[in-house]
Structure formats: structure tokens, C-alpha cells
There are 2 protein chains.
Amino acid sequence: MKTKNIKVTKQREIILDELRSLVTHPTADELYTNIKSRLPRVGLCTVYRNLERFYKEGLIGKIKGKPCRYDGKIESHNHIKCINCGKIEDLFVDIPVDTVEIDKLGYKLHSYKVEINGLCRKCNKESGRKKHVNKT
Amino acid sequence: MKTKNIKVTKQREIILDELRSLVTHPTADELYTNIKSRLPRVGLCTVYRNLERFYKEGLIGKIKGKPCRYDGKIESHNHIKCINCGKIEDLFVDIPVDTVEIDKLGYKLHSYKVEINGLCRKCNKESGRKKHVNKT
DNA sequence: ATGCAAATGATAATTATTATCATATGAAAA
DNA sequence: TTTTCATATGATAATAATTATCATTTGCAT
């Protein structure tokens, strides 16, 4: 009988390993560039494909935006994003959420996280001078 | 001398009015479709342009995703999203965030909101049967 | 070794969003 | 009012990010 044939390919291992080795939150394209040295023939779509898959399997985090960014850490944590330069950093704060309203709406809670926006130290200092504003 | 000449156009008024009249969180395209009856000759890019502008002016909210969704309410509130069907509903709960860690990182706090994921009542009931999963 | 489903990489397609630019329009001045 | 003209619009094209298609390759189970 046919068992489901799930393969552990070199590219899959390296993509996950590389993402996990980073403290930053790369885009698919940035990760693709990083990985090129280890896997010169890899295609960008393979990176996308596997990132999306890891995300759905709960192995990595995904931060939606334009473009999306990925996160090798899965321990529950939050992000703070600089509204000027777009950089995202980790933030380990405990956020207590009252579930009463959630129950009232009839939802079964899965996960939650806080998205914090601010001005990073660097941009804050520079804000008196020129203004360079990123999108996303 | 030239004063800045900011115009209140019909399309701008209608786009904002229409978004505010909704309790849902439409995409630019959905809003564009709604508006067609009131402004038959409007272009999709005008809708995008103005939504982006309202967002930057702080008049409306924007929920990033693929595609992005817009929110006519600005009073601080949070969203709960169904991980199965993708629907987003409002959630008015007070979430206190400890700013000590934020200060430590040197950020100047601007705003924050909680993104909650769960299974809505409808999808929860149906989850025993077929599984229809949306993207975003 | 062999069979074969699953994964890859090349390419093309799609989706969402944004830029360009000629034309139209609203606000202020005359 | 009429005129002026910067700003907004709509048509079109362009771009950016992501996803689909499909022939080929590669691991896993026999």
C-alpha cells in the first residue's frame, strides 16, 4: 500500500536552517540571496514554496506586509516595527488578553500577538535632520 | 503667494463616507465595486490613492494582507480573524502593554494593536465536516 | 536496483499596487 | 463671476510580489 511519501530535501533543510540562524526577519528574496552560496541552483519559487509550507506547518512565523517577512523563531513573542525605516525587532513582553469578549463572539482562540509601531533609536535621533521614509 | 490648495472632491467624500458606513473591512477593490453605483466613472486607482491618503492622515485603519483591507473606524480597537474563512471582526478589549521593554530598546512608541487569530463560530461548527481553507 | 509520488527549477501567469501623464476640477484671487 | 493654476482624476502602462504550470529530478519504500 502507498504511504504518504514526504521527502527531506537538501533545499528544505537549508532554507529552514538558514532562516533559523538569523535574528533578523528576512523577506523571501533576501533569504534566497543568502542561500545562494549554499545552494547555487535553487530557485526563488522553491524558497517561497517552502517558507509558505513551514509557515503552515507552524515551524516558522510570517509577518505580513509588502513584502512579507519570515521569522525563524516560534516561541511566542511580539514585534516592534520602526515606522520610519521599516526594521522589525523582537520584543519579549507578556501580554495578558481578556478572553471574555472573544468567547462572546463565539471564537475558539488560537493565537494572538501584538504589533507595535514606533520610531527606533536611530531614526529618532535622525528625525531632526533629513526625513527618509520607507514603505510597507 | 501660493497657499496649499487641498481640494474636497466628490470621489474623496464618497470613498470615505462609504467605508465609514460599513462594519466590514473591505479591500480596495470591494470598496471600488460598492462605490460604482454612486460614482460610475471612478477609477480603481483613485480608490487606492485616497485610501492610502486617508490612512496616512490617520482617518482610517489599514489591515495588511494580501490583499490589504481598510477599516472606517479609528477608535482604538482590535481585530480577530478566523484562520479558516479569513473573516475579520472587531473586538473591543482593552489590552495593556508594558512599555518597559520598548523603552529599553530605545523606541519611541507610536501605536500598537493586537492581532488575534481563532476559529469563528461558523467554521468551528463546520470543522467536523469538510475543510475549506482560505488564504491571506 | 526499481518504481513512483513528491519536490524542484525554469518559465509564464496572475494579483495587487503604483507610476505616468493628459485632462478636468475646485479653491482662491482678481 | 470669471480667471488662474495647483491638485485630483481616470486611462493606461508598469512594477513588485507571489503563485501556477509542467517537464525533469530526487528521495523513500519496496
Side-chain angles (χ1 to χ4, degrees), chain A residues 1-19 25-57 59-70 86 88 133-136, chain B residues 1-19 25-57 59-60 62-71 86 88 133-136:
Chain A
M1 162 221 188
K2 269 298 101 203
T3 40
K4 202 149 210 182
N5 197 9
I6 292 179
K7 292 191 215 173
V8 178
T9 61
K10 212 173 151 191
Q11 20 282 77
R12 182 161 307 153
E13 277 181 331
I14 290 178
I15 289 168
L16 186 55
D17 180 71
E18 189 74 23
L19 178 60
H25 305 84
T27 63
D29 196 66
E30 285 165 359
L31 197 62
Y32 167 69
T33 304
N34 276 1
I35 278 170
K36 273 282 181 79
S37 55
R38 292 217 255 168
L39 281 174
R41 298 191 48 72
V42 80
L44 175 57
C45 73
T46 298
V47 175
Y48 268 109
R49 233 181 331 226
N50 283 299
L51 286 173
E52 201 51 32
R53 180 163 165 173
F54 293 145
Y55 172 61
K56 282 185 179 145
E57 292 171 346
L59 293 174
I60 66 171
K62 181 176 180 179
I63 306 163
K64 279 161 203 147
K66 212 169 112 58
C68 295
R69 295 179 168 277
Y70 297 86
I88 293 174
V133 178
N134 247 29
K135 30 172 152 180
T136 302
Chain B
M1 167 223 182
K2 269 297 106 197
T3 40
K4 199 139 210 195
N5 197 10
I6 293 182
K7 292 190 214 171
V8 179
T9 60
K10 212 173 152 192
Q11 21 282 78
R12 182 161 307 153
E13 276 181 332
I14 290 178
I15 290 168
L16 186 55
D17 180 70
E18 189 74 22
L19 178 60
H25 305 85
T27 63
D29 196 67
E30 285 165 358
L31 198 61
Y32 168 70
T33 303
N34 276 2
I35 279 170
K36 274 283 182 78
S37 55
R38 290 218 255 167
L39 281 174
R41 300 190 47 72
V42 79
L44 175 56
C45 72
T46 296
V47 175
Y48 268 109
R49 233 180 332 227
N50 283 298
L51 286 174
E52 201 53 31
R53 178 164 167 172
F54 293 145
Y55 173 60
K56 282 185 178 145
E57 292 171 345
L59 293 174
I60 65 171
K62 180 176 180 179
I63 306 164
K64 279 164 205 145
K66 215 173 110 63
C68 295
R69 294 178 168 277
Y70 297 86
D71 187 345
I88 292 174
V133 177
N134 247 29
K135 27 174 157 182
T136 302

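Chain identifiers are assigned alphabetically (A, B, ...) following the order of the sequence lines, protein sequences preceding nucleic acid strands; residue numbering begins at 1 within each chain.
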Does [X] place a side-chain N or O at less than 4.0 Å from the phosphate oxygens OP1/OP2 of [N]?
X	N	value
Arg12(B)	dT9(D)	yes
Thr9(A)	dT8(C)	yes
Gln11(A)	dG9(C)	yes
Tyr48(A)	dT19(D)	no

Comparing Thr46(A) with Lys10(B), nearest DNA chain C nucleotide closer to 5' gives the residue Thr46(A)
Give me the residues of residues 28-36 of chain B where at least one heavy atom lies under 4.0 Å from an atom of DNA chain C, by number, or none. none
Angle, rounded to 10°, between the helical axes spanning five pairs at each terminus of the helix from dA1(C)-dT30(D) to dA30(C)-dT1(D)? 40°
For [X] and [N], give me the distance from atom [atom1] to atom [atom2], rounded to whole Å.
X	N	atom1	atom2	answer
Leu44(B)	dA13(D)	CG	C1'	14 Å
Ile14(A)	dG9(C)	CD1	C1'	15 Å
Leu51(B)	dT9(D)	CG	P	11 Å

Salt bridge (charged side-chain N to carboxylate O under 4.0 Å, His left out) against Glu30(B), all qualifying residues, sequence neighbours excluded: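 Expected list: Arg69(B).
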State, to 0.1 Å, how close Ala28(A) and Val47(A) come at their nearest heavy-atom pair, and which atoms those are. O-CG1, 3.7 Å
Which nucleotide in dG9(C), dA27(C), dC28(D) has an atom nearest any side-chain atom of Lys7(A):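 Looking only at heavy atoms from C-beta outward on Lys7(A), the closest nucleotide is dC28(D).
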Counterpart residues, side-chain contact (heavy atoms from CB on, under 4.5 Å), relative to Leu59(A) (two or more places apart): Leu16(A), Arg20(A), Phe54(A), Glu57(A)
For Thr33(A), enumerate each residue passing the side-chain contact (heavy atoms from CB on, under 4.5 Å) test, keeping only those at least two apart in sequence or located in another chain.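 Applying side-chain contact (heavy atoms from CB on, under 4.5 Å) to Thr33(A) gives Asp29(A).
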Is a side-chain donor or acceptor of His25(B) paired with a backbone partner of Ile88(B) at a separation under 3.5 angstrom? yes
For side chain to side chain contact (heavy atoms under 4.5 Å, CB included), just list the numbers for Thr46(A) and Asn50(A), CA-CA rounded to whole Å, side-chain angles, deciding distance to a tenth of an Å, and then say yes or no. CA-CA 6 Å; Thr46(A) 298; Asn50(A) 283 299; 3.4 Å; yes
Given Ile15(B), which partner from the list Ile60(B), Asn34(B), Leu51(B) fulfils the side-chain contact (heavy atoms from CB on, under 4.5 Å) test? Leu51(B)
By the salt bridge (Lys or Arg N to Asp or Glu O under 4.0 Å) test, which pairs, at least two apart or in different chains, include something from residues 35-49 of chain A?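 Matches after skipping sequence neighbours: Asp17(A)-Arg38(A), Glu18(A)-Arg38(A).
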Atom pairs under 3.5 Å: protein N/O with N/O of nucleotides 10-15 of chain C:
residue: dA10(C); atom: OP1; partner: Arg41(A); partner atom: NH2; Å: 3.3

Nearest-0.5 Å distance that lies between atom CD1 in Ile35(A) and atom CG in Leu44(A): 10.5 Å
Who pairs with Lys62(A) by side-chain hydrogen bond (donor to acceptor under 3.5 Å, both in side chains), at least two apart in sequence or on another chain? Glu52(A)
Just to verify, what does Lys10(A) make a side-chain hydrogen bond (donor to acceptor under 3.5 Å, both in side chains) with, not counting sequence neighbours?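 So Lys10(A) forms no side-chain hydrogen bond (donor to acceptor under 3.5 Å, both in side chains) with any residue.
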Of Cys68(A) and Asn50(B), the one whose nearest nucleotide on DNA chain D sits closer to the 5' end is Asn50(B)
Please work out if Glu52(A) contacts a base, only the sugar-phosphate, or nothing of the nucleic acid, heavy-atom cut-off 4.0 Å.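 If one applies the 4.0 Å heavy-atom cut-off, Glu52(A) turns out to touch nothing in the nucleic acid.
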